[in-house]
Student: 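Pasting a structure here, questions to come.
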Amino acid sequence: RLLMVGSQRNAKYQRFAEKLGVEHRVVFAGYCSDIRNAYFASDLLVHPTFYDPCSHVVPEAMACGLPVITTRYNGASELMNPPREGFVLDDPHDHEQLASCILQLLDADCRSACGQAARQSSTSWTFEDHYQRVMEVLSEAAQRRLAA
């Protein structure tokens, strides 16, 4: 099954699912007030975006233990170490690569390993870690300025 969460404007996608004959396999849930419910009802996250500076859905899903498939056009892909936590597609138009990644994650062992790795990776994204990295960048910039 495919769970579609987010927009209430699903008519176009429902018609497309009907055209493909898969409408009985797609759940158009619309808005979800507690997105964790959607994550915990899912086996993996597929987010083949064409542009996202840093889609929050990726680290949220990883923190919930979901393997992720996204694209290099998503800044959040930099949080991933593919294929450890999932996959990062080079081209969002590459349907064959997307299908191949989904097929790999249909394997329960692969999906479980990626989900566990995703959850583990997410534990390092603390405010303290973020502040430390910002301080390192600022320190390096100050050192370069003094050296110039």
Side-chain angles (χ1 to χ4, degrees), residues 1-138 140-141:
R1 289 196 178 276
L2 173 65
L3 174 62
M4 299 273 298
V5 178
S7 177
Q8 296 287 14
R9 295 176 290 189
N10 295 317
K12 176 172 88 171
Y13 302 110
Q14 287 175 327
R15 285 192 302 275
F16 187 61
E18 290 168 5
K19 180 180 176 184
L20 294 174
V22 297
E23 68 278 7
H24 63 285
R25 300 181 73 179
V26 181
V27 176
F28 294 94
Y31 174 74
C32 186
S33 62
D34 188 347
I35 195 65
R36 291 175 300 179
N37 292 332
Y39 294 136
F40 293 137
S42 301
D43 293 317
L44 58 114
L45 173 77
V46 179
H47 188 58
T49 185
F50 289 88
Y51 175 75
D52 254 316
C54 186
S55 175
H56 289 222
V57 69
V58 169
E60 289 172 352
M62 290 174 67
C64 291
L66 289 178
V68 171
I69 301 171
T70 191
T71 69
R72 68 181 178 91
Y73 297 100
N74 181 354
S77 68
E78 295 178 16
L79 298 171
M80 298 174 62
N81 301 292
R84 188 172 175 261
E85 304 97 350
F87 302 97
V88 177
L89 307 175
D90 288 326
D91 180 3
H93 293 287
D94 190 343
H95 301 114
E96 289 180 10
Q97 185 186 19
L98 175 60
S100 172
C101 293
I102 292 171
L103 283 173
Q104 289 177 68
L105 290 174
L106 291 180
D107 176 78
D109 292 336
C110 178
R111 187 173 60 250
S112 177
C114 287
Q116 288 175 19
R119 177 71 182 107
Q120 181 63 39
S121 292
S122 73
T123 63
S124 68
W125 307 326
T126 64
F127 283 114
E128 183 62 35
D129 180 61
H130 177 71
Y131 297 143
Q132 183 62 38
R133 289 177 190 230
V134 168
M135 292 306 295
E136 289 169 7
V137 169
L138 293 174
E140 181 181 334

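The shown structure was predicted, so the numbers you read here are calculated from the model rather than taken from an experiment.
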Student: Taking the side chain from Arg25 and the backbone from Arg1, do they hold a donor-acceptor pair closer than 3.5 Å?
Tutor: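 Not a single qualifying donor-acceptor pair exists.
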
Student: Side-chain donor-acceptor pair under 3.5 Å between Ser100 and Glu96, yes or no?
Tutor: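 There is no such pair (donor and acceptor under 3.5 Å, judged by atom type) between the side chains of Ser100 and Glu96.
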
Student: To the nearest 0.5 Å, what is the distance between CD1 (Ile69) and SG (Cys114)?
Tutor: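 Reported value, rounded in 0.5 Å steps: 9.0 Å.
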
Student: When rounded to the nearest 0.5 angstrom, what distance separates CG in Asn81 from OG in Ser121?
Tutor: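 Separation between the atoms: 5.5 Å.
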
Student: Give a yes or no on this: more than 12 heavy atoms of other residues, nucleotides or ligands lie within 6.0 Å of atom CZ of Phe127.
Tutor: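 12 or below, so no.
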
Student: What is the distance from atom OG1 of Thr126 to atom CD of Gln132, rounded to the nearest 0.5 Å?
Tutor: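 Here the interatomic distance stands at 10.0 Å.
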
Student: Quick check for you: to the nearest 0.5 Å, what is the distance between Glu140 atom CD and Met135 atom CE?
Tutor: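 That separation rounds to 13.0 Å.
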
Student: Does Arg15 reach the side chain of Glu23, with side-chain heavy atoms less than 4.5 Å apart?
Tutor: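 No, too far: nothing below the 4.5 Å cut-off.
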
Student: Looking at every non-hydrogen atom in both residues, tell me the closest pair between Phe50 and Tyr73 and how far apart they are.
Tutor: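 Answer, listing the atom of Phe50 first, then Tyr73: O-CB, 3.2 Å.
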
Student: Taking all heavy atoms of Leu66 and all of Ser42, pick out the closest pair and write down the distance.
Tutor: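 Leu66 and Ser42 have their closest heavy atoms at CD2-O, 3.3 Å.
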
Student: Which residues satisfy the ring-ring contact (aromatic ring centres under 6.0 Å, His included) test with Tyr131, sequence neighbours excluded?
Tutor: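 With sequence neighbours excluded, Tyr131 shows a ring-ring contact (aromatic ring centres under 6.0 Å, His included) to no residue whatsoever.
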
Student: Quick one: closest heavy-atom pair of Glu60 and Ile35, and the distance?
Tutor: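 It is OE1-CG2, 4.2 Å.
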
Student: Do Leu105 and Asp43 make a side-chain contact, defined as non-hydrogen atoms from C-beta onward lying under 4.5 Å apart?
Tutor: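 A side-chain contact is absent here, since even the closest heavy-atom pair is not under 4.5 Å.
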
Student: How would you list, by chain and number, every residue that makes a side-chain hydrogen bond (donor to acceptor under 3.5 Å, both in side chains) with Gln8, sequence neighbours excluded?
Tutor: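 Here no residue qualifies.
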
Student: CD/Glu85 to CZ/Arg119 distance, rounded to the nearest 0.5 angstrom?
Tutor: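 Reported value, rounded in 0.5 Å steps: 13.0 Å.
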
Student: Is any side-chain heavy atom of Gln97 closer than 4.5 Å to a side-chain heavy atom of Phe87?
Tutor: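 No. Closest side-chain heavy atoms not under 4.5 Å.
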
Student: Quick one: closest heavy-atom pair of Val68 and Met80, and the distance?
Tutor: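 Heavy atoms only, the tightest pair is O-CE, 3.5 Å.
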
Student: Once ring-ring contact (aromatic ring centres under 6.0 Å, His included) is applied, do any residues pair with His95, and if so which ones, sequence neighbours excluded?
Tutor: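 Testing His95 for ring-ring contact (aromatic ring centres under 6.0 Å, His included), a comparison that skips the adjacent residues, returns none.
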
Student: Taking only residues two or more places apart in sequence or in another chain, which ones pass side chain to side chain contact (heavy atoms under 4.5 Å, CB included) with Thr49?
Tutor: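 For Thr49 the side chain to side chain contact (heavy atoms under 4.5 Å, CB included) partners, ignoring immediate neighbours, are His47, Asp52, Thr70, Thr71, Asn74.
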
Student: Does a side-chain heavy-atom distance below 4.5 Å link Arg72 with Leu89?
Tutor: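 With C-beta onward as the side chain, the pair stays apart.
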
Student: Any chance you could lay out the side chain to side chain contact (heavy atoms under 4.5 Å, CB included) test for Arg111 and Gln116, step after step, and finish with the verdict?
Tutor: CA-CA 9 Å; Arg111 187 173 60 250; Gln116 288 175 19; over 6 Å; no

Student: Check Val26 against Met4 and note the closest heavy-atom contact, atom names and distance.
Tutor: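 What the structure gives for the nearest pair is CG1-CG, 4.0 Å.
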
Student: Could you grab the distance from atom CZ of Arg36 to atom CG of Asp34, nearest 0.5 Å is fine?
Tutor: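 These two atoms lie 4.0 Å from each other.
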
Student: Quick check: are there more than 12 heavy atoms from other residues, nucleotides or ligands sitting under 6.0 Å from NE2 of His56?
Tutor: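 At most 12 heavy atoms, drawn from other residues, nucleotides or ligands, come within 6.0 Å of this atom.
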
Student: Once side-chain hydrogen bond (donor to acceptor under 3.5 Å, both in side chains) is applied, do any residues pair with Asn10, and if so which ones, sequence neighbours excluded?
Tutor: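 None.
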
Student: Heavy atoms only: give me the nearest Ala76-Pro59 pair and the separation to one decimal.
Tutor: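 Nearest pair, atom of Ala76 first, then Pro59: CB-CD, 4.1 Å.
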
Student: With a 6.0 Å cut-off (strictly less than), is the heavy-atom count around CZ of Phe28, excluding the residue itself, greater than 12?
Tutor: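 Enclosed: over 12 neighbouring heavy atoms sit under 6.0 Å from CZ of Phe28.
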
Student: Checking Leu106 now: which residues fulfil side chain to side chain contact (heavy atoms under 4.5 Å, CB included) with it, not counting sequence neighbours?
Tutor: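 Per chain and number, Leu106 pairs via side chain to side chain contact (heavy atoms under 4.5 Å, CB included) with Ile102, Leu103.
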
Student: Are the charged groups of Asp129 and Arg133 less than 4.0 angstrom apart, N to O?
Tutor: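 The answer is yes: the pair qualifies as a salt bridge.
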
